[in-house]
Q: 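This is the structure I have questions about; it appears just below.
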Amino acid sequence: EVLLVESGGGLVQTGGSLRLSCAASGFVFDQNAIGWFRQAPGKEREGVASISVSDGSGYYANSVVGRFSISIDYAKSMVHLQMNDLKPEDTAVYYCATRGMSGTYYSLPLVPQKYDYWGQGTQVTVSS
């Protein structure tokens with residue numbers, strides 16, 4: 001059974017930092033990509049960052065470039081999202097998800113519909 005468990009969300013002030021973690025199990029970790037997505041109330045789910053576990057290729061939404069960083073802990077089958085300089089518009093439920101490394105990954109790394117399995121989400125709230 002594929003299982004993704006997010007942790008690390010919380011309440012932080014503008015300009016603060018949080019580190020989200022995604023613990024993965026139930027699939028061959030290094031044959032997949034892991035993505036981070038977020039969904040704010042009344043908005044569509046959007047891609048934030050993703051990474052290919054096999055080659056480390058990372059992708060970021062324009063809105064988080066220079067502030068967020070995605071990384072892999074191979075020993076623990078975990079993916080982290082370091083979020084710095086947080087803004088109120090970053091407030092959302094953050095999800096991690098996984099997909100196989102088909103040919104579309106490199107052209108569509110942040111499209112939620114391309115991901116097959118999802119975690120339950122963790123709330124991030126940035127106060128102004």
Side-chain angles (χ1 to χ4, degrees):
E1 177 189 7
V2 175
L3 191 62
L4 300 168
V5 180
E6 302 96 336
S7 60
L11 173 64
V12 65
Q13 291 185 333
T14 297
S17 297
L18 283 173
R19 186 191 193 213
L20 304 184
S21 297
C22 174
S25 61
F27 61 96
V28 181
F29 187 60
D30 61 3
Q31 292 184 4
N32 275 34
I34 304 290
W36 283 98
F37 300 82
R38 65 187 181 188
Q39 188 166 19
K43 295 188 177 181
E44 293 187 353
R45 191 168 296 188
E46 64 174 350
V48 174
S50 72
I51 192 163
S52 163
V53 179
S54 61
D55 64 19
S57 300
Y59 301 87
Y60 297 91
N62 289 337
S63 59
V64 306
V65 169
R67 300 189 299 124
F68 290 13
S69 177
I70 191 169
S71 62
I72 302 169
D73 183 337
Y74 290 92
K76 297 181 180 179
S77 295
M78 295 183 74
V79 173
H80 304 290
L81 184 68
Q82 179 66 42
M83 306 187 296
N84 299 326
D85 190 23
L86 283 161
K87 305 175 181 181
E89 51 263 42
D90 294 317
T91 295
V93 178
Y94 283 71
Y95 301 88
C96 69
T98 190
R99 58 166 290 176
M101 291 299 297
S102 72
T104 64
Y105 171 72
Y106 293 103
S107 58
L108 300 171
L110 296 177
V111 175
Q113 290 81 2
K114 296 296 184 181
Y115 284 72
D116 302 308
Y117 299 94
W118 293 80
Q120 82 288 349
T122 185
Q123 177 70 46
V124 171
T125 303
V126 184
S127 63
S128 57

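Values below: all heavy atoms of this structure, side chains included; hydrogens, waters and symmetry mates excluded.
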Q: For residues 53-87, which residue pairs pass the disulfide (SG to SG under 2.5 Å) check, not counting sequence neighbours?
A: none
Q: Is any side-chain heavy atom of Met83 less than 4.5 Å from a side-chain heavy atom of Val124?
A: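 Yes - at least one pair of side-chain heavy atoms lies under 4.5 Å apart.
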Q: Which residue, Leu110, Val64, Leu20, Ile51, forms the side-chain contact (heavy atoms from CB on, under 4.5 Å) with Trp36?
A: Leu20
Q: Tell me which pairs pass side chain to side chain donor-acceptor pair (under 3.5 Å) where either residue lies in residues 2-15, with sequence neighbours left out.
A: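 Matches after skipping sequence neighbours: Glu6-Gln120.
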Q: Could you tell me if the side chain of Phe37 sits less than 4.5 Å from the side chain of Tyr115, heavy atoms only?
A: yes
Q: How would you list all residue pairs meeting disulfide (SG to SG under 2.5 Å) that involve residues 72-128, not counting sequence neighbours?
A: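 For residues 72-128, and leaving out neighbouring residues, the disulfide (SG to SG under 2.5 Å) pairs sorted by first residue read Cys22-Cys96.
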Q: What's in the same ILVMFWY side-chain cluster as Val111, cut-off under 4.5 Å, chained through other members?
A: Leu108
Q: Sequence neighbours left out, what pairs pass salt bridge (Lys or Arg N to Asp or Glu O under 4.0 Å) with at least one residue falling in residues 97-106?
A: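 Checked against salt bridge (Lys or Arg N to Asp or Glu O under 4.0 Å) - neighbours excluded - no pair reaches residues 97-106.
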Q: Got a sec, which hydrophobics cluster with Leu3, joining ILVMFWY side chains under 4.5 Å apart, including via others?
A: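 Hydrophobic cluster check, Leu3: joined to Val5.
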Q: Using a 4.5 Å cut-off on heavy atoms from C-beta on, say whether the side chain of Tyr95 contacts that of Leu4.
A: no
Q: Kindly list each side-chain donor-acceptor pair under 3.5 angstrom involving residues 23-31, sequence neighbours excluded, with atom names and distances?
A:
none

Q: For Phe68 and Tyr94, take the angle between the two ring planes, folded into 0 to 90°, and tell me which bin it lands in: parallel under 30, tilted 30 to 60, perpendicular over 60.
A: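 Ring orientation, 0 to 90° scale: tilted.
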Q: Does anything in residues 26-85 pair up under disulfide (SG to SG under 2.5 Å), and if so which pairs, sequence neighbours excluded?
A: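 Passing the test, one end in residues 26-85: no pairs.
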Q: Under the disulfide (SG to SG under 2.5 Å) definition, can you give me all pairs with a residue in residues 34-79, not counting sequence neighbours?
A: none
Q: Test: salt bridge (Lys or Arg N to Asp or Glu O under 4.0 Å). Region: residues 42-59. Which pairs qualify, not counting sequence neighbours?
A: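 For residues 42-59, and leaving out neighbouring residues, the salt bridge (Lys or Arg N to Asp or Glu O under 4.0 Å) pairs sorted by first residue read Arg38-Glu46.
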Q: With a 3.5 Å cut-off and sequence neighbours excluded, list the donor-acceptor pairs that the side chains of residues 69-76 form with protein atoms.
A:
| residue | atom | partner | partner atom | Å |
| --- | --- | --- | --- | --- |
| Asp73 | OD1 | Ala75 | N | 3.2 |
| Asp73 | OD1 | Lys76 | N | 3.2 |
| Tyr74 | OH | Val53 | O | 2.9 |

Q: Give me the atom names and distance for the closest heavy-atom approach of Tyr105 to Ser52.
A: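 Shortest heavy-atom separation between Tyr105 and Ser52 comes out as OH-N, 3.4 Å.
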Q: Sequence neighbours left out, what pairs pass salt bridge (Lys or Arg N to Asp or Glu O under 4.0 Å) with at least one residue falling in residues 10-25?
A: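 Applying salt bridge (Lys or Arg N to Asp or Glu O under 4.0 Å) to every pair that reaches into residues 10-25, excluding sequence neighbours, yields nothing.
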